[in-house]
Structure formats: C-alpha cells, structure tokens
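In what follows, a single structure is set out as structure tokens and then discussed.
Atom set for the values below is all heavy atoms of this structure, side chains included, hydrogens, waters and symmetry mates excluded.
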Amino acid sequence: MIKTKKPELLCPAGNMEKLETALIYGADAVYFGAGNLNLRSQGAGFGWEELPEALKKISDAGASSYFCLNAYPREKDLDSVRADLDKLAESTPDGLIVADPGVALLARKTLPEVPLHISTQANTGNSESVRFWKEFGATRVNLARELSALDIRDIAEKCPDTELEIFVHGAMCMALSGRCFMSAWMNNRSANMGRCTHPCRFEYKATGIRVEEKTRPGEVFWESVEDEDFTTIYAAEDLCLIRYIKFFTDLGIAALKIEGRTKSSSYLAQAVDVYRTSIDAVSGGGHLPKEAVPELRNVSTRPLSTGFLRKNNPSRVALPPESGEKRPVLARLLEKRGDDSWLVSVKSRWEESRNVTVIAPALSRPSIATGSYSFEKLNGEKVDTVHSGTEALLRCDSAELQQGYFIRLGE
C-alpha cells in the first residue's frame, strides 16, 4: 500500500516577474533555465548574471529550485553543456532537470551532489525505465504524458522508492513527449534544442477532412473544422487534471507540475493559485473548490481536457471562454508608493468606469467598485484610462491590495 503524501506544486518561472509570481501564489518549487540548452530557450529564461538573485529569492521563500538542462544536444553542443554545468557549480540549484543520457552523464561527473531529475522529454513509460534512471543516480522521474491513470498507478506501486512527477496542467504537444521535428523541418529551428516555433499552432488550409481508420468505419480520429480559410488541425488541447489531485495524492506522487514558462505572469498567477488552493484542500481531506475549473477556464485559450489519463474515455474539462466572457488581467501591483497609492504595471486597457477584482491567494477574489479608485500618470496628471505596456499610479486604499498581486476585470 502506497503511503498518501501531499505532492509538491512545481511551477514554471520564465523570468524574474514570473518567478516572483509563482512564489507569491504558492509554488513549492519552480523550474527555470538559462542559456540555450533548456527547452524554452527562446524568450523564457534567465541570464546567468541573474541566477544568484533568482536562487536567493527561491530560497528565501522556502521553495526549491530546479534548473532545466533538458535539450537534446548535438555533438557540437557538448562543450556548451560542459560550460553550463561549470557555471551551475557557482550557483547551485536544488535539482537539475535533464532528458539526454549524455547530459545526465556529464552532470553526474560535474555536479554529483545536485539531485538529478529526469524530464518528461525522456519519455519514461514503465517501471524498468524508472529503475534504470534510479540506478544511474536520478532521484526523480517525470513520467511521459502519454500514460493512463492505470499506467501511472502500476509504476508508482512498483517504484515506491523513486520520486515520480506528473504534468497536470498546460499545453500538450502533438509529438511523442514533445520530441517534435516539425519546427526543424519547416523553420530550421529544433524543438529538441529549445527553439520550437510551434508550427502545430499555425493555421493551415484544409477543406472538409475527416480521417477514419479502415476497420472502424464511422469512428472519426481526426477532423478539421475550417474557420474561414484556415484551421489549426495539428493543435492539441491543453491538459487539465485538476480533478485528479486526490488520485495522485493517494499514489504518493512527489510533484504535480504546471507547464508554461512562455505563458504570461498573469496566467501563471491564476493557474498556480488554483492548484495551490486545490492541493491544500484535497490533501486536508476536503473537496476540490467549486471555483477551480471556472478560474482555469478563464485563462485558457484552447479546450481543457484530461489528455491520456483516461485513455479509453478522454474527457473535455472545459472550453475556453467566449470573447465577451473572458475577464482579462488589467494590471500588476509593483510597489506601494503611499498610504493609498500603488505603482502598477498595466497589462490591458483599464478604464476607471469598470468594477475590478483582485486576484489574491487561496482563491480570494475581493471586488473593488468603480468610484473607489482613480488613476494618475507618473507625473501626477489625473487620467480616467491607462493603457497596456505602461506604468501608472493607482489611487486606492483597499486593504486587499498587496505587492505582486494582479487585478482583473470584474463582473
């Protein structure tokens, strides 16, 4: 019998703002990269000079830091791998996420004291693979996203002495464990080197395609629905396993992981808050908060589904909101400037005539009514609208406001 264990909530940190956001909203651990050998190297990572500050922020928050070195390097890239490992020896994280066996070997030689975590890119799908990585020195394995609930249960029962990690939320890839060649073929940028251009999200011209398999007539495996002239035929639905937290907790899964180093900090705030609050509630013997799925739906751009978890009966959790339903994030609170004054970073056009909601941890969503706040430019000029990409002063004496919180459009 596997001992029930409260899983670690592992969240993405694509830059310093996202790192701070993940910590404010309750991440137990964060994963991040630097340089060009992590699988989000394009616009989602830290400069090496930022790493000591990032690690200090994580440590001060009582969280764990996991560094991604999970690309599949070519021969010409091995010197860069060695150089990155040498740099990490100066600013050591709590764990190193790798996928390639060669990178794992170099990491064992250079940083033998740093725990080795195996990325989902390694496509670990059975107990013997888990045992292989454990014998090699790994302390944790992120299982392949193609596994069903029964597969995960069987592996967990056979490998109780190895930490297992599961992706529970975020984008899925049409390729096996994300090892896609479309970007390399179409744009000469390899996804397996962290340079994916996401061609599966591109729009393609297709007219009335319904794909059936010969021996199963009438069962449609793929269907393109044309939207004007083009369709996203290759785009997978997003993963959402929020309703299965108790299942993973009962199995003793070590960590539940959210995808999204390239997503916005406001997306991260809401996703982390939902999973933090839900894990706490379920692990404490309670139920999934009723606000959990609606909150996740509000920040989704694609349908949310259970992916492969229910292999013979996949379930769609929710559809993204219609344009009129979505409540966009308007601003992030940067710092307090006075008793009733906040410097804010504006994320979307914000008119003073709108009721707004504070995104506070533990799924707290206090309202601030129009008339109880006002705007000023940084030079003190009063305005009734502030615009995306700018900074402004928010005049409001609400006790609900805290540094790092986000404000979104109210109902």
Side-chain angles (χ1 to χ4, degrees), residues 9 11-14 17-18 20-22 24-27 167-172 201 232 235-245 256-282 287-307 315-333 344-351 353-370 386 388 398 400-402 404-411:
L9 178 59
C11 304
E17 180 178 306
K18 295 174 186 179
E20 293 170 354
T21 298
I24 287 171
Y25 285 93
F167 266 107
V168 293
H169 196 85
M172 293 190 290
R201 310 298 189 209
T232 52
E237 296 183 339
D238 281 359
L239 183 66
C240 180
L241 301 182
I242 189 70
R243 291 174 176 153
Y244 296 90
I245 290 174
L256 303 183
K257 190 171 184 177
I258 296 174
E259 182 274 339
R261 275 187 284 160
T262 60
K263 297 287 182 65
S264 68
S265 54
S266 57
Y267 166 92
L268 186 61
Q270 294 169 91
V272 173
D273 186 34
V274 168
Y275 278 90
R276 169 77 284 144
T277 308
S278 299
I279 289 171
D280 290 346
V282 173
H287 299 288
L288 186 72
K290 66 180 186 305
E291 306 93 342
V293 172
E295 283 285 317
L296 292 173
R297 177 177 179 262
N298 183 61
V299 294
S300 66
T301 56
R302 289 182 288 273
L304 300 174
S305 83
T306 55
S315 173
R316 178 169 283 177
V317 179
L319 292 171
E322 301 291 338
S323 58
E325 291 181 286
K326 190 162 186 176
R327 290 172 286 165
V329 167
L330 303 172
R332 179 176 185 251
L333 298 167
V344 298
S345 172
V346 185
K347 306 294 185 180
S348 301
R349 176 186 170 92
W350 183 1
E351 299 170 351
S353 60
R354 307 302 297 267
N355 296 326
V356 297
T357 299
V358 181
I359 302 172
L363 284 175
S364 175
R365 298 294 184 264
S367 298
I368 299 178
T370 180
V386 289
S388 177
S398 171
E400 306 292 350
L401 302 181
Q402 298 290 331
Y405 285 9
F406 289 81
I407 295 174
R408 75 182 182 201
L409 189 64
E411 295 181 354

In chain order, what residues pass the side chain to side chain donor-acceptor pair (under 3.5 Å) check against T21, with sequence neighbours excluded?
none
Which distance, rounded to the nearest 0.5 Å, do you find between the CD of E291 and the CZ of R365?
8.5 Å
Tell me whether K18 contacts the main-chain N or O of R261 through its side chain, where contact means a donor paired with an acceptor under 3.5 Å.
yes
Can we say K257 and E259 salt-bridge, meaning some charged N sits less than 4.0 Å from an Asp/Glu carboxylate O?
no
Taking only residues two or more places apart in sequence, or in another chain, which ones meet Y275 in a side chain to side chain donor-acceptor pair (under 3.5 Å)?
H169
Not counting sequence neighbours, which residues clear side chain to side chain donor-acceptor pair (under 3.5 Å) with N355? List them please.
none
Any residue meeting side-chain contact (heavy atoms from CB on, under 4.5 Å) with E322, in chain and number order, not counting sequence neighbours:
E325
Which residues pass the side chain to side chain donor-acceptor pair (under 3.5 Å) test with R354, not counting sequence neighbours?
none
Indicate yes or no: at least one non-hydrogen side-chain atom of I242 is less than 4.5 angstrom from one of V168.
no
Identify whether the distance between the nearest side-chain nitrogen and carboxylate oxygen of R276 and E295 falls below 4.0 Å.
no
Using side-chain contact (heavy atoms from CB on, under 4.5 Å) as the criterion, list what pairs up with T301, not counting sequence neighbours.
K326
Please report the interatomic distance NE2(H287) to CD1(I245), rounded to the nearest 0.5 Å.
13.5 Å
All heavy atoms of I407 vs all of L333, minimum pair found to be CD1-CD2, 4.1 Å
Taking I359's backbone N and O only, do any of them form a donor-acceptor pair with Y25's side chain (distance below 3.5 Å, no angle check)?
yes
